[in-house]
**Q** 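One structure follows; several queries about it will come next.
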Number of protein chains: 2
Amino acid sequence: MKPTERHDRLASFEQECRRRGLALTVQRRTVFEELAGRRDHPTADQVYDAVHRRLPSLSRTTVYRVLETLVETGFARKVHHPDAVVRFDPTTGRHHHLVCESCGSLVDLDDSVVPRVPIPDARGAGFRIRDYTVSFNGLCSSCH
Amino acid sequence: MKPTERHDRLASFEQECRRRGLALTVQRRTVFEELAGRRDHPTADQVYDAVHRRLPSLSRTTVYRVLETLVETGFARKVHHPDAVVRFDPTTGRHHHLVCESCGSLVDLDDSVVPRVPIPDARGAGFRIRDYTVSFNGLCSSCH
DNA sequence: TTGTATGCAAAAGGTTTGCAATGAT
DNA sequence: ATCATTGCAAACCTTTTGCATACAA
């Protein structure tokens, strides 16, 4: 991510906080910057480890709370991973996932690489579908 | 599920156990029957509750272990659900999910309803893709 | 100044593990 | 008889909560 882009994302996060009347604390900024700067899908604890190194006073509880705030404000997504530990994804637009069946590693796949999936008729199930994500499973380079 | 089908699945599970040298215990049979008879995606604890009623001596630990065995032998799948608790799905063939953004409910969607997704070229990411699942998100009937 | 956000400690799930006893082959 | 599987209790890990303090607005 280019410095400009990073700055833009932070600015837009701060703007959204103001819009919602959320206080702009160092903790929120730090956690946001950490997550936004990553291309993987860290757990709350992994974010905590990284962030705690920079700002030792920041607590694990706050990391959990800020990540929740990021999800609510649309700056992160929860990713559903087979290991049953929540992971956070800073990419919120439509994209897809490659999941390794062997080691569980998870990689993003850009939407442009995957042909559009027509939204099926789920009226039978009473569902109003808004979007979708495709999870491809297989073996990653280290596992085959 | 018809009685015949239920019998067939149990028989094929028992056969797979023998093939792998896994002992055919009452516990394995009972947990398998419980999961295979459900159309939802229960947590280990939900399976435990149901099974423990029928066989009070069966412990929670064993339920966790048997469910793991079912996944290893291909008779169940772990489902990635937003609540970060592992859920088990007795349907192992390709199928898709409808997830409600509001209440988190999860419903299966048959593969026949979803047009085939061509497997993308993931060589860049070093992945060998074997299959896929589409997660549709939106609102369920109770939530809209 | 006012009320929200944080940190701490403790609780609350969910899941795993060590070990002795049990039971399938 | 032998080895895998079970049950129990305890440990472990992740996440949440209550409450007093600190800090942004």
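Residue numbers start from 1 in every chain, and the chains themselves are labelled A, B, ... in the order their sequence lines are given, proteins ahead of strands. On a predicted model such as this, the values are computed, not experimentally measured, just so you know.
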**Q** Counting only distance, no hydrogens or angles, is the base of D/dG7 paired donor-acceptor with the side chain of B/Arg65 under 3.5 Å?
**A**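 For B/Arg65, whose side chain was compared with the base of D/dG7, there is a donor-acceptor pair (under 3.5 Å).
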**Q** For A/Arg60 and D/dC12, what is the distance between atoms CZ and C1' respectively, to the nearest whole Å?
**A**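 The distance from CZ of A/Arg60 to C1' of D/dC12 comes to 13 Å, rounded to the nearest Å.
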**Q** Determine the contact category for A/Thr25: base if any of its heavy atoms lies under 4.0 Å from a base atom, sugar-phosphate if only primed atoms, P, OP1 or OP2 are that close, otherwise nothing.
**A**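 Since only primed, P, OP1 and OP2 atoms lie under 4.0 Å of A/Thr25, the category is sugar-phosphate.
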**Q** Mind checking A/Thr43 for me? I need base, sugar-phosphate or nothing, with any heavy atom below 4.0 Å counting as a touch.
**A**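 Here A/Thr43 touches no strand at all.
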**Q** Starting at atom CG of B/Leu55, determine the distance to atom P of C/dG23, rounded to an integer number of angstrom.
**A**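 About 12 Å, once rounded to whole Å.
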**Q** I need the CZ-P distance between B/Phe88 and C/dT15, as an integer number of Å.
**A**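 It works out to 7 Å between those atoms.
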**Q** In whole Å, I'd like the distance from the CZ atom of A/Arg29 to the C1' atom of C/dA5.
**A**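 Taking CZ of A/Arg29 and C1' of C/dA5, I get 13 Å after rounding.
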**Q** Answer with base, sugar-phosphate or nothing: what part of the nucleic acid does B/Arg28 contact at a heavy-atom distance below 4.0 Å?
**A**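 Sugar-phosphate, no base atom in range.
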**Q** Aromatic ring centroids of A/Phe75 and A/Phe32 under 6.0 Å?
**A**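 They qualify: ring centres under 6.0 Å apart.
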**Q** Rounded to the nearest Å, what distance is computed from the OH atom of residue A/Tyr48 to the P atom of nucleotide D/dT14?
**A**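 Between P of D/dT14 and OH of A/Tyr48: 13 Å.
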**Q** With nearest nucleotide decided by heavy atoms, which residue, B/Gln27 or B/Thr61, maps closer to the 5′ end of DNA chain D?
**A**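 Of the two residues, B/Gln27 wins.
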**Q** Are the side chain of A/Arg87 and the backbone N or O of A/His41 linked by a donor-acceptor pair below 3.5 Å?
**A**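 Indeed, once roles are kept as given, a pair shorter than 3.5 Å links the two residues.
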**Q** For A/Ser112 and A/Asp110, does a side-chain donor sit closer than 3.5 Å to a side-chain acceptor?
**A**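 Side chains of A/Ser112 and A/Asp110: pair found under 3.5 Å.
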**Q** Would you kindly give the CD-to-P distance between B/Gln46 and C/dG13, to the nearest whole Å?
**A**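 Roughly 15 Å, once rounded to whole Å.
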**Q** Both B/Leu24 and B/Val85 contact DNA chain C. Which one's nearest nucleotide lies toward the 5' end?
**A**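 Here B/Val85 is the residue nearer the 5' end.
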**Q** Judged by atom type as modelled, is there a donor-acceptor pair below 3.5 Å linking the side chain of A/His80 to the main-chain atoms of B/Val79?
**A**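 Judged by distance alone, no pair lies under 3.5 Å.
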**Q** Please answer whether the main-chain N or O of B/Val99 pairs with a side-chain N or O of B/His97 as donor and acceptor at a distance below 3.5 Å.
**A**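 Flag not set: sc B/His97 to bb B/Val99 has no pair under 3.5 Å.
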**Q** Rounded to whole Å, please give me the gap between CG in B/Asp45 and C1' in C/dA12.
**A**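 Computing the B/Asp45:CG to C/dA12:C1' distance gives 13 Å.
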**Q** Take the protein atom CG of B/Asp49 and the nucleotide atom C1' of C/dG13, then report the distance between them rounded to whole Å.
**A**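 After rounding, the reported distance stands at 14 Å.
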**Q** Which listed nucleotide (C/dG7, D/dT14, C/dT25) is nearest to the side chain of A/Ser59?
**A**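 From the listed options, C/dG7 comes nearest.
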**Q** Given D/dT14, C/dG14, D/dG7, identify the nucleotide with an atom nearest to the side chain of B/Tyr64.
**A**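 Ranking D/dT14, C/dG14, D/dG7 by closest atom to the B/Tyr64 side chain puts C/dG14 first.
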